[in-house]
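Comments concern the structure below.
Below, read A as the first sequence line, B as the second, and so on, with proteins coming before strands; counting in each chain starts at 1.
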There are 2 protein chains.
Amino acid sequence: MILDHRNLSDDVAAIIRKMILNGELKAGARINQAQLAEKFKISRGPVREALRSLQNEGLIKHETNKGTFVTTLSKQDAFEIYTLRALLEAEAAQLAVFNLTEKDFRKLEELLDQFYQMMVEQNLESQAQCDILFHRTIVEASKHSRLINMHRQLDTQVGAMYLTVSNKVPVRVHQVVENHQILLDVLRTKDKEKIKEIFSEHYTQTLKDLSNMTPIKG
Amino acid sequence: MILDHRNLSDDVAAIIRKMILNGELKAGARINQAQLAEKFKISRGPVREALRSLQNEGLIKHETNKGTFVTTLSKQDAFEIYTLRALLEAEAAQLAVFNLTEKDFRKLEELLDQFYQMMVEQNLESQAQCDILFHRTIVEASKHSRLINMHRQLDTQVGAMYLTVSNKVPVRVHQVVENHQILLDVLRTKDKEKIKEIFSEHYTQTLKDLSNMTPIKG
DNA sequence: TATCATATATACTTAGAAAAAATAAAGCAA
DNA sequence: TTGCTTTATTTTTTCTAAGTATATATGATA
(Lines give C-alpha, C1' and ligand atoms only; values in the text may rest on other atoms or scores of the structure.)
Protein backbone atom coordinates (compact mmCIF):
# COMPACT_ATOMS: atom_id res chain seq x y z
CA MET A 1 0.00 0.00 0.00
CA ILE A 2 2.90 2.38 -0.71
CA LEU A 3 2.58 4.58 -3.79
CA ASP A 4 3.54 8.20 -3.62
CA HIS A 5 2.38 8.11 -0.09
CA ARG A 6 1.50 11.49 1.20
CA ASN A 7 -1.55 10.13 2.92
CA LEU A 8 -3.44 6.89 2.77
CA SER A 9 -6.83 8.30 1.82
CA ASP A 10 -5.52 9.85 -1.38
CA ASP A 11 -3.66 6.69 -2.32
CA VAL A 12 -6.79 4.67 -1.80
CA ALA A 13 -8.80 7.17 -3.82
CA ALA A 14 -6.27 6.86 -6.64
CA ILE A 15 -6.51 3.09 -6.58
CA ILE A 16 -10.29 3.03 -6.61
CA ARG A 17 -10.33 5.65 -9.34
CA LYS A 18 -8.11 3.42 -11.44
CA MET A 19 -10.30 0.42 -10.69
CA ILE A 20 -13.30 2.30 -12.00
CA LEU A 21 -11.50 3.72 -15.01
CA ASN A 22 -10.16 0.37 -16.18
CA GLY A 23 -13.42 -1.42 -15.62
CA GLU A 24 -12.44 -3.50 -12.63
CA LEU A 25 -15.33 -1.82 -10.87
CA LYS A 26 -18.23 -1.65 -13.24
CA ALA A 27 -20.84 1.06 -13.53
CA GLY A 28 -23.55 0.54 -10.94
CA ALA A 29 -21.46 -1.84 -8.86
CA ARG A 30 -21.70 -1.60 -5.12
CA ILE A 31 -18.62 -0.53 -3.19
CA ASN A 32 -18.26 -2.05 0.23
CA GLN A 33 -16.21 -0.05 2.72
CA ALA A 34 -15.35 -2.92 5.01
CA GLN A 35 -14.34 -5.19 2.15
CA LEU A 36 -12.10 -2.55 0.64
CA ALA A 37 -10.47 -1.84 3.99
CA GLU A 38 -9.80 -5.52 4.45
CA LYS A 39 -8.50 -5.93 0.90
CA PHE A 40 -6.01 -3.10 1.36
CA LYS A 41 -5.34 -4.18 4.94
CA ILE A 42 -6.14 -0.78 6.34
CA SER A 43 -8.86 0.58 8.60
CA ARG A 44 -12.16 2.00 7.44
CA GLY A 45 -11.42 5.65 8.16
CA PRO A 46 -9.18 6.32 5.16
CA VAL A 47 -11.52 4.33 2.92
CA ARG A 48 -14.45 6.51 3.90
CA GLU A 49 -12.41 9.64 3.24
CA ALA A 50 -11.33 8.35 -0.15
CA LEU A 51 -14.93 7.65 -1.09
CA ARG A 52 -15.86 11.19 -0.18
CA SER A 53 -13.30 12.56 -2.58
CA LEU A 54 -14.40 10.28 -5.37
CA GLN A 55 -17.98 11.31 -4.83
CA ASN A 56 -17.04 14.92 -5.30
CA GLU A 57 -15.30 13.94 -8.52
CA GLY A 58 -18.51 12.37 -9.68
CA LEU A 59 -17.14 8.85 -10.11
CA ILE A 60 -19.27 7.30 -7.39
CA LYS A 61 -22.58 8.07 -5.82
CA HIS A 62 -23.13 7.73 -2.14
CA GLU A 63 -26.50 7.33 -0.51
CA THR A 64 -26.61 7.77 3.22
CA ASN A 65 -27.18 4.55 5.12
CA LYS A 66 -27.58 2.69 1.84
CA GLY A 67 -24.18 2.50 0.23
CA THR A 68 -21.86 3.75 -2.44
CA PHE A 69 -22.16 2.76 -6.07
CA VAL A 70 -20.10 3.39 -9.16
CA THR A 71 -21.80 6.14 -11.14
CA THR A 72 -23.88 5.12 -14.09
CA LEU A 73 -24.07 7.69 -16.83
CA SER A 74 -27.20 8.42 -18.79
CA LYS A 75 -27.61 10.14 -22.12
CA GLN A 76 -28.31 13.36 -20.26
CA ASP A 77 -25.01 12.91 -18.40
CA ALA A 78 -23.13 12.47 -21.66
CA PHE A 79 -24.76 15.62 -22.95
CA GLU A 80 -23.83 17.52 -19.81
CA ILE A 81 -20.25 16.34 -19.75
CA TYR A 82 -19.55 17.15 -23.38
CA THR A 83 -21.30 20.50 -23.48
CA LEU A 84 -19.54 21.66 -20.34
CA ARG A 85 -16.19 20.40 -21.55
CA ALA A 86 -16.76 22.24 -24.80
CA LEU A 87 -17.63 25.45 -23.03
CA LEU A 88 -14.68 25.32 -20.67
CA GLU A 89 -12.24 24.34 -23.33
CA ALA A 90 -13.29 27.05 -25.74
CA GLU A 91 -12.76 29.59 -22.99
CA ALA A 92 -9.46 28.04 -21.96
CA ALA A 93 -8.20 28.07 -25.53
CA GLN A 94 -8.87 31.78 -25.77
CA LEU A 95 -7.00 32.44 -22.55
CA ALA A 96 -4.21 30.13 -23.65
CA VAL A 97 -3.45 32.42 -26.57
CA PHE A 98 -1.54 34.67 -24.21
CA ASN A 99 0.52 31.87 -22.74
CA LEU A 100 1.17 29.18 -25.34
CA THR A 101 4.88 29.07 -26.10
CA GLU A 102 6.60 27.61 -29.13
CA LYS A 103 7.58 24.73 -26.87
CA ASP A 104 3.92 24.08 -26.09
CA PHE A 105 3.12 24.02 -29.76
CA ARG A 106 5.89 21.50 -30.39
CA LYS A 107 4.49 19.34 -27.60
CA LEU A 108 1.04 19.49 -29.18
CA GLU A 109 2.48 18.52 -32.56
CA GLU A 110 4.25 15.62 -30.92
CA LEU A 111 1.08 14.45 -29.25
CA LEU A 112 -0.70 14.55 -32.56
CA ASP A 113 2.03 12.42 -34.15
CA GLN A 114 1.85 10.00 -31.28
CA PHE A 115 -1.90 9.88 -31.57
CA TYR A 116 -1.58 8.99 -35.25
CA GLN A 117 0.99 6.34 -34.43
CA MET A 118 -1.24 4.76 -31.79
CA MET A 119 -4.07 4.81 -34.27
CA VAL A 120 -1.98 2.82 -36.76
CA GLU A 121 -1.04 0.37 -34.02
CA GLN A 122 -4.67 0.24 -32.95
CA ASN A 123 -3.63 0.91 -29.38
CA LEU A 124 -6.89 2.28 -28.06
CA GLU A 125 -5.67 3.00 -24.55
CA SER A 126 -2.67 5.05 -25.62
CA GLN A 127 -4.88 6.82 -28.13
CA ALA A 128 -7.24 7.96 -25.42
CA GLN A 129 -4.22 8.99 -23.35
CA CYS A 130 -2.90 11.17 -26.16
CA ASP A 131 -6.29 12.68 -26.72
CA ILE A 132 -6.67 13.66 -23.11
CA LEU A 133 -3.12 14.99 -22.89
CA PHE A 134 -3.62 17.09 -26.01
CA HIS A 135 -6.64 18.82 -24.62
CA ARG A 136 -5.19 19.09 -21.15
CA THR A 137 -2.07 20.79 -22.45
CA ILE A 138 -4.17 23.48 -24.04
CA VAL A 139 -6.37 23.95 -21.01
CA GLU A 140 -3.44 24.16 -18.64
CA ALA A 141 -1.95 26.91 -20.75
CA SER A 142 -4.93 29.02 -19.73
CA LYS A 143 -3.39 29.23 -16.23
CA HIS A 144 -6.93 29.43 -14.89
CA SER A 145 -6.73 27.01 -12.00
CA ARG A 146 -10.47 26.62 -11.43
CA LEU A 147 -11.10 26.10 -15.09
CA ILE A 148 -8.31 23.54 -15.22
CA ASN A 149 -9.72 21.71 -12.22
CA MET A 150 -13.22 21.50 -13.56
CA HIS A 151 -11.97 20.38 -16.92
CA ARG A 152 -9.90 17.61 -15.37
CA GLN A 153 -12.89 16.49 -13.37
CA LEU A 154 -14.93 16.22 -16.54
CA ASP A 155 -12.06 14.34 -18.16
CA THR A 156 -12.20 11.56 -15.60
CA GLN A 157 -15.94 11.40 -16.10
CA VAL A 158 -15.37 11.06 -19.82
CA GLY A 159 -12.99 8.24 -18.98
CA ALA A 160 -15.67 6.48 -17.00
CA MET A 161 -18.10 6.98 -19.83
CA TYR A 162 -15.81 5.43 -22.42
CA LEU A 163 -16.19 2.13 -20.60
CA THR A 164 -19.92 2.01 -20.99
CA VAL A 165 -19.98 3.62 -24.40
CA SER A 166 -16.88 3.74 -26.53
CA ASN A 167 -16.03 0.05 -26.61
CA LYS A 168 -19.09 -0.60 -28.65
CA VAL A 169 -18.48 2.36 -30.87
CA PRO A 170 -16.22 2.33 -33.94
CA VAL A 171 -14.66 5.76 -33.42
CA ARG A 172 -13.61 7.40 -36.65
CA VAL A 173 -10.05 7.98 -35.61
CA HIS A 174 -8.86 9.53 -38.84
CA GLN A 175 -11.37 12.26 -38.41
CA VAL A 176 -10.29 12.78 -34.82
CA VAL A 177 -6.69 13.35 -35.88
CA GLU A 178 -7.84 15.76 -38.55
CA ASN A 179 -9.99 17.65 -36.09
CA HIS A 180 -7.12 17.99 -33.67
CA GLN A 181 -4.94 19.34 -36.43
CA ILE A 182 -7.59 21.96 -37.07
CA LEU A 183 -7.62 22.92 -33.39
CA LEU A 184 -3.88 23.26 -33.39
CA ASP A 185 -3.94 25.36 -36.54
CA VAL A 186 -6.50 27.79 -35.26
CA LEU A 187 -4.55 28.19 -32.02
CA ARG A 188 -1.58 29.28 -34.10
CA THR A 189 -3.62 32.09 -35.61
CA LYS A 190 -4.19 33.52 -32.12
CA ASP A 191 -7.52 34.80 -33.37
CA LYS A 192 -9.71 34.52 -30.28
CA GLU A 193 -13.04 34.72 -32.08
CA LYS A 194 -12.07 32.00 -34.50
CA ILE A 195 -10.61 29.88 -31.70
CA LYS A 196 -13.84 30.05 -29.77
CA GLU A 197 -15.81 29.12 -32.84
CA ILE A 198 -13.67 26.13 -33.84
CA PHE A 199 -13.36 24.76 -30.34
CA SER A 200 -17.08 24.93 -29.71
CA GLU A 201 -17.76 23.31 -33.04
CA HIS A 202 -15.30 20.52 -32.35
CA TYR A 203 -17.46 19.28 -29.54
CA THR A 204 -20.84 19.67 -31.10
CA GLN A 205 -19.49 17.23 -33.66
CA THR A 206 -18.30 14.79 -31.00
CA LEU A 207 -21.62 15.07 -29.31
CA LYS A 208 -23.51 14.41 -32.48
CA ASP A 209 -21.41 11.35 -33.23
CA LEU A 210 -21.98 10.07 -29.75
CA SER A 211 -25.73 10.47 -29.76
CA ASN A 212 -26.04 8.88 -33.18
CA MET A 213 -23.72 5.98 -32.61
CA THR A 214 -24.45 4.78 -29.14
CA PRO A 215 -27.48 3.39 -27.47
CA ILE A 216 -26.84 4.81 -24.02
CA LYS A 217 -29.72 4.07 -21.78
CA GLY A 218 -31.24 7.04 -20.09
CA MET B 1 -26.10 18.35 16.85
CA ILE B 2 -29.42 17.64 15.14
CA LEU B 3 -30.24 19.60 12.03
CA ASP B 4 -31.71 17.87 9.02
CA HIS B 5 -29.65 14.93 10.08
CA ARG B 6 -29.02 12.51 7.32
CA ASN B 7 -25.44 12.15 8.39
CA LEU B 8 -23.18 13.94 10.81
CA SER B 9 -20.39 14.78 8.37
CA ASP B 10 -22.68 16.81 6.14
CA ASP B 11 -24.17 18.63 9.09
CA VAL B 12 -20.71 19.47 10.33
CA ALA B 13 -19.69 20.61 6.87
CA ALA B 14 -22.76 22.86 6.76
CA ILE B 15 -21.90 24.37 10.12
CA ILE B 16 -18.27 25.00 9.25
CA ARG B 17 -19.34 26.44 5.91
CA LYS B 18 -21.59 28.87 7.70
CA MET B 19 -18.82 29.73 10.16
CA ILE B 20 -16.58 30.65 7.25
CA LEU B 21 -19.27 32.52 5.35
CA ASN B 22 -20.27 34.68 8.28
CA GLY B 23 -16.73 35.43 9.27
CA GLU B 24 -16.59 33.41 12.45
CA LEU B 25 -13.68 31.60 10.85
CA LYS B 26 -11.50 34.15 9.14
CA ALA B 27 -9.54 33.75 5.93
CA GLY B 28 -6.24 32.08 6.64
CA ALA B 29 -7.29 30.81 10.05
CA ARG B 30 -6.20 27.35 11.10
CA ILE B 31 -8.87 24.72 11.60
CA ASN B 32 -8.12 22.22 14.32
CA GLN B 33 -9.84 18.86 13.96
CA ALA B 34 -9.67 17.85 17.59
CA GLN B 35 -10.94 21.21 18.80
CA LEU B 36 -13.88 21.14 16.40
CA ALA B 37 -14.74 17.59 17.40
CA GLU B 38 -14.67 18.57 21.03
CA LYS B 39 -16.68 21.73 20.41
CA PHE B 40 -19.42 19.74 18.66
CA LYS B 41 -19.02 16.87 21.11
CA ILE B 42 -18.47 14.32 18.38
CA SER B 43 -15.55 12.18 17.30
CA ARG B 44 -12.90 13.17 14.82
CA GLY B 45 -14.00 10.92 11.96
CA PRO B 46 -16.98 12.98 10.81
CA VAL B 47 -14.99 16.18 11.20
CA ARG B 48 -12.29 14.86 8.88
CA GLU B 49 -14.89 13.85 6.34
CA ALA B 50 -16.57 17.23 6.50
CA LEU B 51 -13.25 18.95 5.90
CA ARG B 52 -12.70 16.81 2.83
CA SER B 53 -15.96 18.03 1.34
CA LEU B 54 -15.24 21.64 2.12
CA GLN B 55 -11.87 21.35 0.49
CA ASN B 56 -13.50 20.26 -2.73
CA GLU B 57 -15.79 23.26 -2.50
CA GLY B 58 -12.73 25.45 -2.29
CA LEU B 59 -13.55 26.97 1.07
CA ILE B 60 -10.60 25.47 2.89
CA LYS B 61 -7.19 24.29 1.93
CA HIS B 62 -5.72 21.17 3.42
CA GLU B 63 -2.02 20.41 3.49
CA THR B 64 -1.08 16.86 4.38
CA ASN B 65 0.41 16.49 7.83
CA LYS B 66 0.31 20.22 8.28
CA GLY B 67 -3.26 21.27 8.71
CA THR B 68 -6.32 22.84 7.19
CA PHE B 69 -6.75 26.55 6.71
CA VAL B 70 -9.57 28.76 5.58
CA THR B 71 -8.90 29.73 1.98
CA THR B 72 -7.51 33.17 1.32
CA LEU B 73 -8.47 34.62 -2.02
CA SER B 74 -6.13 36.63 -4.18
CA LYS B 75 -6.87 39.00 -7.02
CA GLN B 76 -6.26 36.14 -9.43
CA ASP B 77 -8.85 34.09 -7.53
CA ALA B 78 -11.41 36.88 -7.83
CA PHE B 79 -10.70 37.01 -11.53
CA GLU B 80 -11.11 33.26 -11.86
CA ILE B 81 -14.32 33.11 -9.88
CA TYR B 82 -16.04 35.90 -11.75
CA THR B 83 -14.95 34.91 -15.24
CA LEU B 84 -16.04 31.31 -14.67
CA ARG B 85 -19.31 32.35 -13.17
CA ALA B 86 -19.92 34.61 -16.14
CA LEU B 87 -19.15 31.84 -18.58
CA LEU B 88 -21.36 29.30 -16.85
CA GLU B 89 -24.20 31.68 -16.34
CA ALA B 90 -24.26 32.89 -19.92
CA GLU B 91 -24.48 29.29 -21.05
CA ALA B 92 -27.11 28.46 -18.46
CA ALA B 93 -29.22 31.43 -19.48
CA GLN B 94 -29.25 30.21 -23.06
CA LEU B 95 -30.31 26.75 -21.99
CA ALA B 96 -32.89 28.23 -19.66
CA VAL B 97 -34.72 29.76 -22.59
CA PHE B 98 -36.30 26.39 -23.26
CA ASN B 99 -37.44 25.92 -19.69
CA LEU B 100 -38.27 29.25 -18.10
CA THR B 101 -41.99 29.36 -17.35
CA GLU B 102 -44.14 32.39 -16.74
CA LYS B 103 -44.07 31.39 -13.10
CA ASP B 104 -40.28 31.58 -13.12
CA PHE B 105 -40.44 35.03 -14.63
CA ARG B 106 -42.82 36.16 -11.92
CA LYS B 107 -40.43 34.80 -9.31
CA LEU B 108 -37.57 36.72 -10.88
CA GLU B 109 -39.64 39.92 -10.90
CA GLU B 110 -40.46 39.37 -7.28
CA LEU B 111 -36.82 38.89 -6.38
CA LEU B 112 -35.97 42.11 -8.13
CA ASP B 113 -38.64 43.95 -6.16
CA GLN B 114 -37.35 42.45 -2.97
CA PHE B 115 -33.83 43.38 -3.92
CA TYR B 116 -34.91 46.96 -4.41
CA GLN B 117 -36.73 46.93 -1.09
CA MET B 118 -33.68 45.60 0.74
CA MET B 119 -31.62 48.24 -0.92
CA VAL B 120 -33.89 50.94 0.45
CA GLU B 121 -33.73 49.38 3.89
CA GLN B 122 -29.99 49.06 3.49
CA ASN B 123 -30.16 45.43 4.50
CA LEU B 124 -26.94 44.20 2.97
CA GLU B 125 -27.32 40.58 3.92
CA SER B 126 -30.80 40.18 2.43
CA GLN B 127 -29.62 42.04 -0.61
CA ALA B 128 -26.86 39.54 -1.23
CA GLN B 129 -29.37 36.76 -0.64
CA CYS B 130 -31.71 38.15 -3.30
CA ASP B 131 -28.85 38.60 -5.69
CA ILE B 132 -27.73 35.00 -5.31
CA LEU B 133 -31.28 33.67 -5.58
CA PHE B 134 -31.94 35.68 -8.70
CA HIS B 135 -29.00 34.22 -10.50
CA ARG B 136 -29.53 30.76 -9.10
CA THR B 137 -33.11 30.69 -10.32
CA ILE B 138 -31.94 31.33 -13.85
CA VAL B 139 -29.14 28.81 -13.69
CA GLU B 140 -31.37 26.12 -12.27
CA ALA B 141 -33.78 26.61 -15.14
CA SER B 142 -31.02 25.29 -17.39
CA LYS B 143 -31.65 21.82 -15.91
CA HIS B 144 -27.97 21.14 -16.46
CA SER B 145 -27.02 19.52 -13.17
CA ARG B 146 -23.26 19.79 -13.55
CA LEU B 147 -23.50 23.39 -14.59
CA ILE B 148 -25.77 24.11 -11.66
CA ASN B 149 -23.38 22.43 -9.27
CA MET B 150 -20.34 24.29 -10.45
CA HIS B 151 -22.21 27.56 -10.37
CA ARG B 152 -23.32 26.97 -6.81
CA GLN B 153 -19.77 26.15 -5.82
CA LEU B 154 -18.59 29.43 -7.26
CA ASP B 155 -21.41 31.18 -5.44
CA THR B 156 -20.16 30.05 -2.05
CA GLN B 157 -16.70 31.17 -3.03
CA VAL B 158 -18.10 34.55 -3.94
CA GLY B 159 -19.67 34.55 -0.49
CA ALA B 160 -16.32 33.92 1.11
CA MET B 161 -14.82 36.65 -0.98
CA TYR B 162 -17.36 39.23 0.08
CA LEU B 163 -15.98 38.97 3.59
CA THR B 164 -12.52 40.04 2.60
CA VAL B 165 -13.63 42.44 -0.05
CA SER B 166 -17.13 43.79 -0.15
CA ASN B 167 -17.31 45.29 3.31
CA LYS B 168 -14.82 47.88 2.27
CA VAL B 169 -16.53 48.49 -1.04
CA PRO B 170 -19.41 50.89 -1.61
CA VAL B 171 -21.40 48.77 -4.05
CA ARG B 172 -23.48 50.81 -6.45
CA VAL B 173 -26.71 49.07 -5.69
CA HIS B 174 -28.88 51.17 -7.95
CA GLN B 175 -26.87 50.05 -10.91
CA VAL B 176 -27.07 46.45 -9.76
CA VAL B 177 -30.87 46.58 -9.78
CA GLU B 178 -30.84 48.15 -13.21
CA ASN B 179 -28.48 45.52 -14.53
CA HIS B 180 -30.67 42.74 -13.22
CA GLN B 181 -33.67 44.28 -14.93
CA ILE B 182 -31.70 44.19 -18.17
CA LEU B 183 -30.91 40.53 -17.66
CA LEU B 184 -34.54 39.75 -17.04
CA ASP B 185 -35.62 41.71 -20.10
CA VAL B 186 -33.25 39.97 -22.42
CA LEU B 187 -34.34 36.58 -21.12
CA ARG B 188 -37.88 37.48 -22.11
CA THR B 189 -36.79 38.01 -25.70
CA LYS B 190 -35.59 34.39 -25.84
CA ASP B 191 -32.92 35.53 -28.27
CA LYS B 192 -30.00 33.26 -27.40
CA GLU B 193 -27.31 35.32 -29.07
CA LYS B 194 -28.39 38.46 -27.30
CA ILE B 195 -28.73 36.59 -24.01
CA LYS B 196 -25.20 35.32 -24.23
CA GLU B 197 -23.95 38.79 -25.03
CA ILE B 198 -25.75 40.57 -22.20
CA PHE B 199 -24.95 37.97 -19.58
CA SER B 200 -21.27 37.95 -20.44
CA GLU B 201 -21.20 41.72 -20.40
CA HIS B 202 -22.92 41.84 -17.03
CA TYR B 203 -19.96 40.19 -15.42
CA THR B 204 -17.18 41.98 -17.19
CA GLN B 205 -18.72 45.07 -15.63
CA THR B 206 -18.81 43.49 -12.16
CA LEU B 207 -15.23 42.40 -12.59
CA LYS B 208 -14.13 45.84 -13.65
CA ASP B 209 -15.83 47.40 -10.65
CA LEU B 210 -14.19 44.92 -8.37
CA SER B 211 -10.70 45.41 -9.68
CA ASN B 212 -11.01 49.18 -9.58
CA MET B 213 -12.60 49.45 -6.20
CA THR B 214 -10.83 46.97 -4.03
CA PRO B 215 -7.28 46.56 -2.97
CA ILE B 216 -7.21 42.78 -2.77
CA LYS B 217 -3.75 41.61 -2.08
CA GLY B 218 -2.40 39.09 -4.53
C1' DT C 1 -49.23 -9.84 0.67
C1' DA C 2 -48.13 -7.91 4.99
C1' DT C 3 -45.46 -8.31 9.22
C1' DC C 4 -41.90 -9.45 12.14
C1' DA C 5 -37.25 -11.36 12.93
C1' DT C 6 -32.62 -11.60 11.23
C1' DA C 7 -28.64 -10.20 8.86
C1' DT C 8 -25.85 -6.89 6.66
C1' DA C 9 -23.89 -2.47 5.92
C1' DT C 10 -23.29 2.05 7.17
C1' DA C 11 -22.36 5.59 10.66
C1' DC C 12 -20.23 6.86 14.61
C1' DT C 13 -17.60 6.35 19.10
C1' DT C 14 -13.76 5.55 22.02
C1' DA C 15 -9.10 5.23 23.03
C1' DG C 16 -4.95 5.35 21.67
C1' DA C 17 -0.42 4.61 18.83
C1' DA C 18 2.57 6.20 14.96
C1' DA C 19 4.40 9.79 12.32
C1' DA C 20 5.11 14.31 10.81
C1' DA C 21 5.65 19.17 11.75
C1' DA C 22 5.95 23.17 14.77
C1' DT C 23 7.93 25.03 18.77
C1' DA C 24 11.13 25.71 22.34
C1' DA C 25 15.54 25.00 24.49
C1' DA C 26 20.34 24.29 24.55
C1' DG C 27 24.82 24.58 22.55
C1' DC C 28 28.20 26.62 19.77
C1' DA C 29 30.61 29.83 16.78
C1' DA C 30 31.40 34.59 15.05
C1' DT D 1 25.51 39.35 22.49
C1' DT D 2 23.94 37.76 18.23
C1' DG D 3 23.00 34.40 14.79
C1' DC D 4 22.70 29.75 13.62
C1' DT D 5 22.34 24.76 14.18
C1' DT D 6 21.12 20.82 16.64
C1' DT D 7 18.33 18.46 19.79
C1' DA D 8 14.46 17.66 22.73
C1' DT D 9 9.47 18.57 23.59
C1' DT D 10 4.91 19.30 22.27
C1' DT D 11 1.28 19.55 19.17
C1' DT D 12 -1.38 17.92 15.38
C1' DT D 13 -2.41 15.01 11.99
C1' DT D 14 -2.98 10.32 10.48
C1' DC D 15 -4.31 5.94 11.14
C1' DT D 16 -5.63 1.72 13.85
C1' DA D 17 -8.62 -1.49 16.29
C1' DA D 18 -12.64 -2.91 18.18
C1' DG D 19 -17.00 -2.25 19.07
C1' DT D 20 -21.94 0.04 19.50
C1' DA D 21 -25.91 1.99 17.29
C1' DT D 22 -28.87 2.60 13.52
C1' DA D 23 -30.83 2.09 9.13
C1' DT D 24 -31.74 -0.85 5.27
C1' DA D 25 -32.29 -5.17 2.96
C1' DT D 26 -33.44 -10.06 3.23
C1' DG D 27 -36.20 -13.73 4.22
C1' DA D 28 -39.37 -16.53 6.85
C1' DT D 29 -43.89 -16.90 8.79
C1' DA D 30 -48.57 -16.26 9.07
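Contact annotation: B:Ser9 does not reach the phosphate of C:dA11 (side-chain N/O to OP1 or OP2, under 4.0 Å). Remark: A:Gln33 is in phosphate contact with C:dA11, judged by side-chain N or O atoms under 4.0 Å from OP1 or OP2. Contact check, B:Arg48 against D:dT13: no side-chain N or O comes under 4.0 Å of OP1 or OP2.
Counting only N and O atoms by type, the side chains of A:Thr101 and A:Asp104 include a donor and acceptor under 3.5 Å apart. Inspection of the A:Gln157 and A:Gln153 side chains reveals no N or O donor paired with an N or O acceptor under 3.5 Å.
Considering only side-chain atoms of B:Asn32, the nucleotide from D:dT12, D:dT14, D:dT16 that sits closest is D:dT12. Of the candidates C:dA9, D:dC15, D:dT12, the closest approach to any side-chain atom of B:Arg30 belongs to D:dT12. For A:His62, taking side-chain heavy atoms from C-beta onward, the closest of the listed nucleotides D:dC15, C:dT10, D:dT14 is C:dT10.
Atom CG of A:Asn7 is separated from atom C1' of D:dC15 by 10 Å (rounded to the nearest Å). One can place CG of A:Leu51 at 15 Å from P of C:dA9, the figure rounded to the nearest angstrom. Atom pair B:Glu38:CD and C:dT13:C1' shows a separation of 15 Å (rounding to whole Å applied). Following rounding to the nearest Å, B:Phe40 (CZ) and C:dC12 (P) show an atom-to-atom distance of 14 Å.
The pair A:Asp10-B:Arg52 counts as a salt bridge, with a side-chain nitrogen and a carboxylate oxygen less than 4.0 angstrom apart.
Between B:His144 and A:Phe79, the ring-plane angle classifies as tilted under the 30° and 60° cut-offs.
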Just the atom pairs and distances: protein N or O near nucleotides 14-19 of chain C's N or O, under 3.5 Å.
unit_1	atom_1	unit_2	atom_2	d
C:dG16	O6	B:Arg44	NH1	3.2
C:dG16	O6	B:Arg44	NH2	3.0

